[in-house]
Novice: 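Sharing a structure with you now.
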Amino acid sequence: MTSTLPSSPADERIAELRTEIDACDAEIIRLVQRRLSVSSEIGQLRSAAGGTRLSLSREQQVLARFQDALGPEGATLGLVLLRHGRGRL
């Protein structure tokens, strides 16, 4: 026999917050997918114009922006996004 314990206000708040995290995750995934699409188009345009696959100065700007906004781990996140968009070097 399964008994159902009444949920506490803390349990209810945790459930609400988890729902909010799930919504944030969905938005992050949507934005990463959009970023990858834009990055892919840039790569195609650069290749078609005879350019290099990446711009080191641009990548450094992206990493600095992530680090400034999110701290040292932010640069790691930025690097993951860059690698996902252009592949490993």
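Numbers here are sequence positions counted from 1.
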Novice: Using 0.5 Å steps for rounding, measure from the CD atom of Gln67 to the OG1 atom of Thr76.
Specialist: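 Separation between the atoms: 8.5 Å.
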Novice: Might you point out which heavy atoms bring Leu81 and Leu36 nearest each other, and give the distance in Å?
Specialist: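 Distance-wise, the nearest heavy atoms are O-CD2, 4.3 Å.
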Novice: Who pairs with Thr52 by side chain to side chain donor-acceptor pair (under 3.5 Å), at least two apart in sequence or on another chain?
Specialist: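 Thr52 satisfies side chain to side chain donor-acceptor pair (under 3.5 Å) with Arg46 once adjacent residues are dropped.
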Novice: Starting at CG of Leu17, measure out to SG of Cys24 and round the result to the nearest 0.5 Å.
Specialist: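 Going from CG on Leu17 over to SG on Cys24, the span is 10.0 Å.
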Novice: May I ask you to list the residues sharing a hydrophobic cluster with Val80, side-chain cutoff 4.5 Å, ordered by chain and number?
Specialist: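 Members alongside Val80: none; it stands by itself.
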Novice: For the atom pair OG (Ser55) and CD (Gln61), what is the distance rounded to the nearest 0.5 Å?
Specialist: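 These two atoms lie 7.5 Å from each other.
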Novice: With sequence neighbours excluded, tell me which residues meet salt bridge (Lys or Arg N to Asp or Glu O under 4.0 Å) with Arg13.
Specialist: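 Salt bridge (Lys or Arg N to Asp or Glu O under 4.0 Å) check on Arg13 returns Glu16.
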Novice: Kindly write out the residues that satisfy side chain to side chain donor-acceptor pair (under 3.5 Å) with Glu41, not counting sequence neighbours, or none if the list is empty.
Specialist: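 Side chain to side chain donor-acceptor pair (under 3.5 Å) check on Glu41 returns nothing, list empty.
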Novice: For Leu56, which residues count as a side-chain contact (heavy atoms from CB on, under 4.5 Å) partner, sequence neighbours excluded?
Specialist: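 Testing Leu56 for side-chain contact (heavy atoms from CB on, under 4.5 Å), a comparison that skips the adjacent residues, returns Leu54, Gln60.
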Novice: Checking Ile14 now: which residues fulfil side-chain contact (heavy atoms from CB on, under 4.5 Å) with it, not counting sequence neighbours?
Specialist: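 Ile14 satisfies side-chain contact (heavy atoms from CB on, under 4.5 Å) with Arg18 once adjacent residues are dropped.
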Novice: Are Leu31 and Leu77 linked, directly or through intermediate hydrophobic residues, by side-chain heavy-atom contacts shorter than 4.5 Å (ILVMFWY only)?
Specialist: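 Per the 4.5 Å side-chain linkage, Leu77 and Leu31 are not co-clustered.
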Novice: How close do Glu12 and Ser7 get, counting heavy atoms only, and between which atoms?
Specialist: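 Closest approach of Glu12 to Ser7, heavy atoms only: OE2-OG, 3.2 Å.
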Novice: Side-chain heavy atoms under 4.5 Å apart, restricted to Ile/Leu/Val/Met/Phe/Trp/Tyr: what other residues fall into the cluster of Ile29, or is it alone?
Specialist: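 Joined to Ile29, directly or through intermediates: none.
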Novice: Please enumerate all residues that pass side-chain contact (heavy atoms from CB on, under 4.5 Å) together with Val62, with sequence neighbours excluded.
Specialist: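 Applying side-chain contact (heavy atoms from CB on, under 4.5 Å) to Val62 gives Arg35, Arg58, Arg65, Phe66, Leu82.
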Novice: Rest of the hydrophobic cluster containing Leu45 (Ile/Leu/Val/Met/Phe/Trp/Tyr, side-chain heavy atoms under 4.5 Å)?
Specialist: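 Other cluster members: none.
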